Amino acid sequence: MRAPVEVLELFSGIGAAGIALGERARVVAAFDQDPVANLAYAANQGRSPLAKNLAGIKPGQLSAFASCAWWLSPPCQPHTVRGAGRDLEDPRSAALVRVLEAARALRPPLLALENVPGFAVSSARQRLRASLDGYGLAEAEICPTALGVPMRRRRYYLVACRDRNPSLECPAPVPMRPLAAYLDEPGGSYLPEAEVRGYGHSATIVDASDPGAVAHCFTSAYGNSRVRAGAYVRDAGGVRLFSPREILRLLGFPGGWHFPPGVDLRKSYALAGNSLSIDAVRWVWAAALGP
Ligand SMILES: C[S@@+](CC[C@H](N)C(=O)[O-])C[C@H]1O[C@@H](n2cnc3c(N)ncnc32)[C@H](O)[C@@H]1O
């Protein structure tokens, strides 16, 4: 039996990239500067990420992981409309730039990256590709809806292999699972109907009993901003926000995964909204790790 591939999880957040790994690979270290994300990661994954600002990382500090597969989920705000699309000019891109310098120096055998679709047309992507000179590369965009999950979250993925040409083939179509399968029983706090009517067409409300319902992408502003941060759901009790637990389910987190005590609702939404579709990442890992 082959030894599991060792993985370095960078910008680890609440750890979706590690959770998506099958038995062929395991995370040996993770890095994230957010202490609350690290707390949630540790409460569930049993190991704490290293709390470091990657904008100051030097290749020597990552050399112990030179033989690992690197997973990167850098901040997406430099490539979104909400984040003003400043690309490499955005100070939040500094950490990605430093990690790419380390990758260029250390040449890990495998590197994979996730970001929003805007990344595909960015200077950051050009910098990424230039840092991977000599690697076999595959790039694709996928939405969890293509994997049967009733939630939109289209994302750009890149897989780079030092010794082979990977391919990210479109998955075969699968039937969409009903949204109801991801929802809790009706209950909790509902929005006043007058408030709901006031949103007009700027808010998307999905019907829990509609077998074709698809939730819009949840962002880190969900629960904070009323519009364009994710969908609302109408069930037997009225219209309400999706709960963090329902969002985690749609993202593919395992049933027992939980936010530890002390993580408030707003932060739970922010961490879930920043995370990844585990179904989509599993598909990327399958391509990255090869046959
Ligand atoms: C898009 S989220 C990644 C989410 C993660 N993949 C997950 O499953 O939750 C980006 C992450 O990068 C972290 N981050 C942003 N800038 C950073 C920096 N300069 N150094 C270290 N971590 C950083 C954030 O705290 C956040 O958790």
Side-chain angles (χ1 to χ4, degrees), residues 7-21 27 29-45 47-58 61-62 65 69-80 82-83 86 88 90-103 111-119 122 124 128 144 151 153-158 217-222 229-230 244 247-254 257-260 263 266-282 284-285 288:
V7 172
L8 173 64
E9 195 177 1
L10 294 159
F11 308 96
S12 48
I14 56 174
I19 295 171
L21 287 166
V27 175
F31 284 76
D32 201 290
Q33 68 177 3
D34 181 340
V36 185
N38 291 346
L39 205 67
Y41 189 115
N44 291 279
Q45 275 90 299
R47 165 185 13 91
S48 187
L50 296 156
K52 273 212 182 319
N53 179 352
L54 290 164
I57 204 89
K58 297 191 174 66
Q61 292 170 278
L62 294 180
F65 310 109
W70 291 17
W71 178 277
L72 282 60
S73 313
C76 58
Q77 296 90 340
H79 312 292
T80 62
R82 260 183 195 271
R86 292 177 61 207
L88 288 175
D90 190 313
R92 289 167 289 195
S93 289
L96 172 63
V97 169
R98 293 305 288 267
V99 169
L100 293 181
E101 283 166 11
L111 185 147
L113 174 141
E114 170 269 354
N115 215 278
V116 291
F119 187 92
S122 68
L128 167 68
M151 177 192 63
R153 197 174 186 84
R154 191 171 188 80
R155 290 292 181 265
Y156 162 92
Y157 296 95
L158 171 138
C217 182
F218 298 97
T219 75
S220 58
Y222 193 62
I247 297 173
L248 289 173
R249 240 176 248 143
L250 284 160
L251 289 171
F253 278 75
W257 203 99
H258 62 283
F259 286 108
V263 181
R266 184 175 284 201
K267 187 67 180 176
S268 301
Y269 278 131
L271 291 172
N274 256 340
S275 193
L276 314 178
S277 161
I278 290 178
D279 295 270
V281 176
R282 202 168 276 140
V284 177
W285 276 126

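This structure is a prediction, so every number in the text was calculated from the model and none was measured. Indexing begins at 1, ligand by ligand and atom by atom, following the structure's order.
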message: For Cys76, state whether at least one heavy atom is located under 4.0 Å from any atom of ligand 1.
response: no

- request: Report the part of Ala95 (side chain from C-beta onward, or backbone N, CA, C, O) that has a heavy atom under 4.0 Å from ligand 1; answer both or neither where that applies.
  value: side chain

Atom 19 (N) of ligand 1: the protein heavy-atom neighbour that sits closest, reported with distance to 0.1 Å: Asn53 OD1, 2.8 Å

Atom 14 (N) of ligand 1 - nearest protein heavy atom and its distance: Phe11 CD2, 3.8 Å

- request: Taking all heavy atoms of Ala102 and all of Leu62, pick out the closest pair and write down the distance.
  value: CB-CD1, 3.9 Å

- prompt: Counting from 1, what ligand 1 atoms have a heavy atom of Pro75 closer than 4.0 Å?
  reply: 15 (C), 16 (N)

task: Look up atom CH2 in Trp257 and atom CG in Leu248, then write down how far apart they are to the nearest 0.5 Å.
output: 6.0 Å

message: Could you work out, for atom 7 (C) of ligand 1, the closest of Ala40, Ala55, Ser275, Pro35 by heavy-atom distance?
response: Ser275

- prompt: Looking only at protein heavy atoms, which one is nearest to atom 20 (N) of ligand 1, and how far off is it?
  reply: Leu54 N, 2.8 Å

Minimum side-chain heavy-atom gap Trp71-Leu111 below 4.5 Å: no

message: Could you check whether atom CZ of Arg47 has more than 12 heavy atoms from other residues, nucleotides or ligands sitting under 6.0 Å from it?
response: yes

statement: heavy-atom search around atom 25 (O) of ligand 1 in the protein gives Asp32 OD1, 2.6 Å

statement: protein heavy-atom neighbour closest to atom 16 (N) of ligand 1 works out as Gln33 NE2, 3.4 Å

- line: Within 4.0 Å of some non-hydrogen atom of Gly13, the atoms of ligand 1 are 5 (C), 7 (C), 9 (O), 27 (O)

message: Residue-level breakdown please: for Ser12 versus ligand 1, do any non-hydrogen atoms fall below 4.0 Å on the side chain, on the backbone, on both, or on neither?
response: backbone

Nearest-neighbour protein heavy atom for atom 4 (C) of ligand 1, which is reported as residue plus atom name and distance: Asn274 O, 3.3 Å

task: May I ask you to list the atoms of ligand 1 that are less than 4.0 angstrom from any heavy atom of Asp34?
output: 25 (O)

field: Ile19 and Gln45, any side-chain heavy atoms less than 4.5 Å apart
entry: yes

- prompt: Just wondering, do Pro144 and Asp279 contact through their side chains at under 4.5 Å, heavy atoms?
  reply: no

statement: atom 9 (O) of ligand 1: closest protein heavy atom, distance to 0.1 Å, is Ile14 N, 2.9 Å

statement: The side chain to side chain contact (heavy atoms under 4.5 Å, CB included) partners of Ala288 (sequence neighbours excluded) come to Leu110, Val159, Trp285

message: Are the side chains of Phe65 and Trp70 in contact, using a 4.5 Å heavy-atom criterion?
response: yes

- prompt: Is it the case that His79 and Asn115 place a side-chain donor and acceptor less than 3.5 Å from each other?
  reply: no

statement: The protein heavy atom nearest to atom 10 (C) of ligand 1 is Ser73 O, 3.4 Å

task: Measure Lys52 to ligand 1 on non-hydrogen atoms and call it side chain, backbone, both or neither using the 4.0 Å cut-off.
output: backbone

Approximate separation, where rounding is to 0.5 Å, of His258 NE2 and Ser268 OG: 11.0 Å

message: Any carboxylate oxygen within less than 4.0 angstrom of a Lys/Arg side-chain nitrogen, looking at Lys267 and Asp34?
response: yes

query: Going by the atom numbers of ligand 1, which of them fall below 4.0 Å from some non-hydrogen atom of Ala16?
result: 8 (O)

